[in-house]
Amino acid sequence: QVQLVESGGGLVQAGGSLRLSCAASGRTFSIYAMGWFRQGPGKEREFVAAINYSGRSTYYADSVKGRFTISRDNAKPTVYLLMNSLKPKDTAVYYCAAGGTSRTPIPTATMGLLQMYDYWGQGTQVTVSS
């Protein structure tokens, strides 16, 4: 089991920045791929970004590419999402998730699929005002 706790959400003006953190506990964090997903009001949960277990490979949704950066510190153990140039459409509850292992990694083509992740945090609200 892996327990995940997100933090860092809040209210920010358009064009501003936030850094989300997701602290992990339980089983060895470093073996899991980590992802960030979000769910806006009245919308389905969608993929934002993911990082493989070693941190060497990252993946982004087209809507956030160039604005968001995912990173991880396996010693902490924590995964981060730095969000720059925020837009009102980025308003959502942001969730971190863990899945796969270093022995059975999530295939690259499926890193954005919710069902590939086994453990989820409770979410943190991000609100971007215009």
Side-chain angles (χ1 to χ4, degrees):
Q1 289 285 340
V2 175
Q3 292 78 43
L4 304 171
V5 179
E6 303 96 335
S7 61
L11 174 64
V12 63
Q13 288 189 331
S17 299
L18 281 175
R19 189 179 79 157
L20 305 183
S21 299
C22 174
S25 61
R27 292 188 65 185
T28 307
F29 171 79
S30 61
I31 68 173
Y32 293 100
M34 298 297 297
W36 284 97
F37 294 77
R38 67 186 181 186
Q39 188 165 14
K43 298 181 180 180
E44 294 186 351
R45 195 170 298 189
E46 64 177 3
F47 170 70
V48 176
I51 188 167
N52 76 332
Y53 71 96
S54 68
R56 294 192 184 99
S57 298
T58 57
Y59 312 86
Y60 296 94
D62 288 342
S63 59
V64 306
K65 204 170 291 184
R67 299 188 298 124
F68 291 11
T69 303
I70 188 171
S71 61
R72 67 190 295 163
D73 184 341
N74 287 344
K76 295 266 182 177
T78 302
V79 63
Y80 304 98
L81 185 68
L82 176 61
M83 305 185 294
N84 293 323
S85 302
L86 282 162
K87 305 175 182 180
K89 65 180 181 179
D90 295 317
T91 294
V93 177
Y94 284 72
Y95 299 88
C96 73
T101 68
S102 55
R103 290 189 175 185
T104 55
I106 299 174
T108 298
T110 62
M111 285 291 271
L113 298 181
L114 278 73
Q115 60 264 38
M116 303 307 293
Y117 295 83
D118 302 306
Y119 306 101
W120 292 82
Q122 83 291 346
T124 185
Q125 176 71 47
V126 172
T127 303
V128 185
S129 63
S130 57

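What you are looking at is a predicted structure, and each value in this text was computed from that prediction instead of being measured.
Summarising the geometry, atom CD belonging to Glu44 is positioned 8.0 Å from atom CD belonging to Gln39; distances are rounded to the nearest 0.5 Å. Atoms OG and CE, on Ser71 and Met34 in that order, are 11.5 Å from each other to the nearest 0.5 Å. Going from atom CD1 of Ile70 over to atom CG of Leu82 covers 11.5 Å, rounded to the nearest 0.5 Å. Note that OG of Ser57 is 7.5 Å distant from CE of Met111, once rounded to the nearest 0.5 Å.
In the hydrophobic clustering of this structure, Leu86 groups with Val48; members are Ile, Leu, Val, Met, Phe, Trp, Tyr whose side-chain heavy atoms approach within less than 4.5 Å, directly or through other members. Cluster annotation: Ile51 and Leu81 are assigned to the same hydrophobic cluster (Ile/Leu/Val/Met/Phe/Trp/Tyr, side-chain heavy-atom contacts under 4.5 Å, transitive). No continuous path of hydrophobic side-chain contacts links Val2 to Tyr117 [ILVMFWY only; heavy atoms under 4.5 Å]. Hydrophobic cluster membership differs between Val93 and Leu20, with clusters built from Ile, Leu, Val, Met, Phe, Trp and Tyr side chains linked at under 4.5 angstrom. A continuous path of ILVMFWY side-chain contacts below 4.5 Å connects Leu114 to Met116, so both sit in one hydrophobic cluster.
The number of heavy-atom neighbours closer than 6.0 Å to CD of Gln13, taken from other residues, nucleotides and ligands shown, is 12 or below. Lys43 NZ: 12 or fewer foreign heavy atoms inside a 6.0 Å radius.
The minimum heavy-atom distance linking Ser129 with Leu11 is given by the pair CB-CD1, 4.3 Å. Here the shortest heavy-atom pairing between Gly121 and Tyr95 reads O-CD2, 3.6 Å. Minimum interatomic distance between Arg38 and Ser63 (heavy atoms only, all atoms of both residues): NH2-OG, 3.6 Å. Minimum heavy-atom separation, Ser17 to Asn84: OG-OD1, 2.8 Å. The shortest heavy-atom contact between Ala33 and Ile106 is CB-CD1, 4.1 Å. Smallest separation of non-hydrogen atoms from Leu4 and Ala24: CD2-CB, 3.7 Å.
Using bins of under 30°, 30° to 60° and over 60° for the plane-to-plane angle, the ring pair Tyr119/Tyr32 lands in the perpendicular bin.
Side-chain contact check for Asp73 versus Tyr80: some heavy-atom pair is nearer than 4.5 Å.
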For this session: Would you sort out whether Tyr53 and Thr101 count as a side-chain contact (heavy atoms from CB on, under 4.5 Å), showing the intermediate values?
Result: CA-CA 7 Å; Tyr53 71 96; Thr101 68; over 6 Å; no
For this session: Take Arg45 and Trp120 through the side-chain contact (heavy atoms from CB on, under 4.5 Å) test and state the conclusion after the steps.
Result: CA-CA 12 Å; Arg45 195 170 298 189; Trp120 292 82; 3.4 Å; yes
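Looking only at distances, no side-chain donor or acceptor of Thr127 sits under 3.5 Å from a matching main-chain atom of Thr91. Between the side chain of Arg72 and the backbone N or O of Asn52 there is at least one donor-acceptor pair closer than 3.5 Å. In this structure, the side chain of Glu6 engages the main chain of Gln122 through a donor-acceptor pair within 3.5 Å.
For Tyr94, the ring-ring contact (aromatic ring centres under 6.0 Å, His included) test picks out no residue, with sequence neighbours left out.
Taking the six-membered ring for Trp and the full ring otherwise, the centers of Tyr59 and Phe47 sit at least 6.0 Å from each other.
Using a 4.0 Å cut-off between a side-chain N of Lys or Arg and a carboxylate O of Asp or Glu, Lys87 and Asp90 do not qualify as a salt bridge.
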